[in-house]
Amino acid sequence: LKFRGKINSEVLEELEAILIQADLGMKTTAKVLEKIREERLKEPADIKPFLKRELVSLLLDCPRSINLSASSPSVILVVGVNGVGKTTSLAKLASRFREENKKVLLAASDTFRAGSIEQLDIWGKRIGAEIIKHQYGSDPAAVAYDALSAAQARGIDILLIDTAGRLHTKKNLVEELRKIKRVIGKKKKEAPEETLLVLDATVGQNALSQAKLFKEALKVTGIILTKLDGTAKGGMVIAIENELNIPVKLIGTGETLGDLVEFDRGEFVEALFS
Amino acid sequence: GISVKFGTIFKKLRGRGKLSEKNIEESLKEIRLALLEADVNYKVVKKFIHEVKERAIGEAVLRNITPGQQVVKVIHEELTRVMGPENNKINISSRPPTIIVLVGLQGSGKTTTCAKLGGYLKEKGYHPLLVATDIQRPAARKQLEILGKELGLPVFGDGRDPLDICRGAKDLAISEGREVLLVDTAGRLHIDEKLMKELKQLKKVFQPEEVLLVADAMTGQDAVNIAQAFEGTLGISGVVLTKLDGDARGGAALSIKAVTNKPIKFIGVGEKLDAFQPFCPDRIASRILG
Ligand SMILES: Nc1nc2c(ncn2[C@@H]2O[C@H](COP(=O)(O)OP(=O)(O)OP(=O)(O)O)[C@@H](O)[C@H]2O)c(=O)[nH]1
Ligand SMILES: Nc1nc2c(ncn2[C@@H]2O[C@H](COP(=O)(O)OP(=O)(O)OP(=O)(O)O)[C@@H](O)[C@H]2O)c(=O)[nH]1
Ligand SMILES: [Mg+2]
Ligand SMILES: [Mg+2]
């Protein structure tokens, strides 16, 4: 029995290394390793399958489709910290709706960052979606309001709102997002039907802090996890789903319009070990 | 943070001079946890703790402070030593133009940093020319042009590919007396062979004085893969760590330094163009330890 204990502790150390290096974070890693110890598995070969089942169970068992409303336009607000892939992900999602022949309108509510409006404009032209834009420095909420009015007037099916990247710790910038929500909520009660937080798979444990603060401020309804085509595993979404109840709805696997894939719990956990 | 943890653990050891090996082991466990919580890479932590252990045991008996404080002090000094020495010099060539190329993963802050570094060098009396070689990302050149305009710096971006654009930029720099070229490149994955080869080719042809890896301070365990690949495939001269104005502990800094041994020269501390500072090893050590 003592020999088996030694083998198991080696397996556990190996698994700890895998989980930490997959960015599951210290808390989640400790939690699942403790569960394994409590389970007192007889065979070392049973440990990994048990672990995988445990990780899957920490992820949400829920539908992961984009919330669309019966009353058009459905409004999707895209938020997140700087450089994670909001604008590109929004374009990919909009492209999907265009492929379903839906009428799509884009709102250029990033009125701050250099080139943001031109960037969204180019994507709009590529996918056949019109864009509502104001000048740089204008009020992002005003752009969003303007876009919603236009969407209602033009019989648009889906309105997607691009916002400027902002660190979750900058209260005034987070407040700016709350204002966008309030303003469009006044114009259409259920809007936005979807508030998508975009997270970068290369980010470490700060992802949980990002998700917490954006959720507190905006009631995030889903996550897009980007850049999974790199070597980062994005393990932080396990803690985020488990502790914050926000489902990952889509994952980004590249820089072109087709690089958007559904999130599948089993596949995601398998990939942590590849 | 870690100093609070040590306050409690070592309250009972106050007055005792020497730390036992057991005390050291316990304190190192706490340090290990702190480093991993700060996103320092697993293997980098293992190596660092191992190297620190010897020093902690040796020195514990020499100082007149509590044993817990001693271990933290040793750790902080060792962390600062590994992250340093302070080096925020740009290698200026005796045969202008000096060429500085900014490389890194998608969204890490290269374009913004290119402009920031341009502003920084302009303040120092240089005449930089910003070069837009990202022809893939929508409106990338436009982004750099807007930033350049804000700083009163010219931006060049004509050409059919990055090599071609750099050739034109170099000619323009020489004819207009711009003695520094700041080359912005497209974001790329370190595992994208074709795009990494493109950078290798750029480096081979233009022999830049600086190849700076621009990396996001919130990067997790993947920081070692990124850094190792850019250093191994391309060879870098230094690093710029961005988005340090957030609340990420920044363990990526230690991971990157540990695997490349190249200096972190500057940090980005905001979205505005003046949010650019020289890297300070001591301050990041404190931040990582929490
Ligand atoms: N490899 C890879 N790159 C991606 C992915 N998603 C986005 N990118 C790239 O990441 C970079 C940043 O994307 P953006 O869409 O501009 O990011 P953003 O969040 O809108 O950035 P800001 O508005 O500046 O905060 C671009 O170079 C994109 O092509 C992905 O899934 N995989
Ligand atoms: N808060 C903060 N944001 C930053 C910092 N540096 C850059 N950014 C922001 O990060 C986002 C991405 O910056 P870019 O300069 O477009 O990044 P990039 O590496 O050129 O992106 P690609 O060209 O797509 O690979 C933008 O929103 C920038 O404003 C920083 O130090 N702090
Ligand atoms: Mg954007
Ligand atoms: Mg760029």
Side-chain angles (χ1 to χ4, degrees), chain A residues 16-27 29-30 81-88 91 112-123 125-126 136 164-170 173 200-207 209-210 213 226-227 229-236 252 254-255, chain B residues 33-34 36-43 45-46 105-112 115 136-150 186-192 215-226 229 242-243 245-252 268 270-271 273:
Chain A
E16 183 195 49
I18 291 175
L19 297 179
I20 291 177
Q21 290 179 104
D23 279 318
L24 262 76
M26 297 310 296
K27 209 157 142 240
T29 299
V81 305
N82 308 73
V84 293
K86 297 177 293 301
T87 307
T88 309
F112 169 77
R113 203 212 71 210
S116 61
I117 299 174
E118 289 85 345
Q119 182 186 9
L120 190 68
D121 203 54
I122 290 171
W123 281 120
K125 290 193 168 67
R126 287 183 187 179
Y136 280 106
R166 69 205 65 220
L167 293 181
H168 48 299
T169 46
K170 305 205 169 165
L173 296 183
D200 187 329
T202 65
V203 169
Q205 289 158 97
N206 195 248
S209 172
Q210 292 174 26
L213 291 181
T226 62
K227 307 180 194 174
D229 46 318
T231 50
K233 303 286 186 174
M236 280 313 293
E255 302 188 71
Chain B
L33 186 63
L36 289 172
E37 282 173 346
D39 289 322
V40 182
N41 180 268
Y42 186 83
K43 295 198 175 104
V45 171
K46 200 167 188 178
L105 254 61
Q106 291 91 345
S108 63
K110 298 173 293 299
T111 304
T112 310
Q136 181 251 352
R137 169 175 157 150
R141 178 178 175 178
K142 183 59 144 178
Q143 180 183 6
L144 193 62
E145 284 171 350
I146 292 173
L147 296 177
K149 189 155 185 221
E150 204 176 315
R188 67 204 64 216
L189 294 178
H190 50 296
I191 53 172
D192 187 324
D216 193 324
M218 319 179 222
T219 309
Q221 297 290 307
D222 203 39
V224 292
N225 301 326
I226 299 165
T242 63
K243 307 179 201 171
D245 45 317
D247 62 347
R249 292 267 289 276
E271 298 172 89
L273 294 177

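All chains are named by letter (A, B, ...) in the order of the sequence lines, taking the proteins before the strands, and each is independently numbered beginning at 1.
With a threshold of 4.5 angstrom between heavy atoms, A:Thr169 approaches chain B through side-chain atoms but not through N, CA, C or O. Proximity to chain A involves both the backbone and the side chain of B:Asp245, based on heavy atoms less than 4.5 angstrom apart. In this structure, the portion of B:Arg137 lying under 4.5 Å from any heavy atom of chain A is its side chain and not its backbone. Heavy atoms closer than 4.5 Å to chain B are found nowhere in A:Asp121, neither backbone nor side chain. If you measure heavy-atom distances from B:Leu36 to chain A, the contacts under 4.5 Å come from both the backbone and the side chain. Neither the backbone nor the side chain of A:Lys233 comes within less than 4.5 Å of any heavy atom in chain B. Using a 4.5 Å cut-off between heavy atoms, A:Leu173 contacts chain B through its side chain alone, with no backbone atom that close. Heavy atoms closer than 4.5 Å to chain B are found nowhere in A:Val84, neither backbone nor side chain. For B:Leu105, the part lying near chain A is the side chain, with the backbone staying farther off; criterion is any non-hydrogen pair under 4.5 Å.
No side-chain donor-acceptor contact under 3.5 Å links B:Lys142 to the backbone of A:Glu118.
In terms of heavy atoms, A:Ala114 sits closest to B:Leu147 at CB-CD2, 3.8 Å. Among all heavy-atom pairs drawn from A:Gly115 and B:Ile146, the shortest one is N-CD1, 3.5 Å.
B:Leu189 contributes atom CG, which lies 7.0 Å from atom CD of A:Glu255 (distance to the nearest 0.5 angstrom). Atom CG of residue A:Asn82 and atom NZ of residue B:Lys243 lie 6.0 Å apart, to the nearest 0.5 angstrom. Taking CG from A:Leu19 and CD from B:Gln221, the interatomic distance works out to 11.0 Å, rounded to the nearest 0.5 Å.
For the residue pair A:Gln205/B:Asp39, the side-chain donor-acceptor check at 3.5 Å is satisfied. One side chain, B:Asp247 or A:Ser209, offers a donor N or O that lies under 3.5 Å from an acceptor on the other.
The candidate from A:Val81, A:Val203, A:Thr87 with the greatest count of non-hydrogen atom pairs under 4.5 Å with chain B is A:Val203. In terms of non-hydrogen atom pairs under 4.5 Å with chain A, the most contact-rich of B:Lys43, B:Lys46, B:Gln143, B:Arg141 is B:Gln143. Your options are B:Gly187, B:Gly251, B:Pro138, and the one with the most heavy-atom pairs under 4.5 Å with chain A is B:Pro138. Chain B forms more heavy-atom pairs under 4.5 Å with one residue of A:Arg126, A:Met236, A:Arg113 than with any other, namely A:Arg113.
A heavy-atom distance below 4.5 Å is found between the side chains of B:Met218 and A:Leu167.
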request  = Would you please test B:Gln106 and A:Asp229 for side-chain contact (heavy atoms from CB on, under 4.5 Å) and show each step?
outcome  = CA-CA 12 Å; B:Gln106 291 91 345; A:Asp229 46 318; 5.5 Å; no
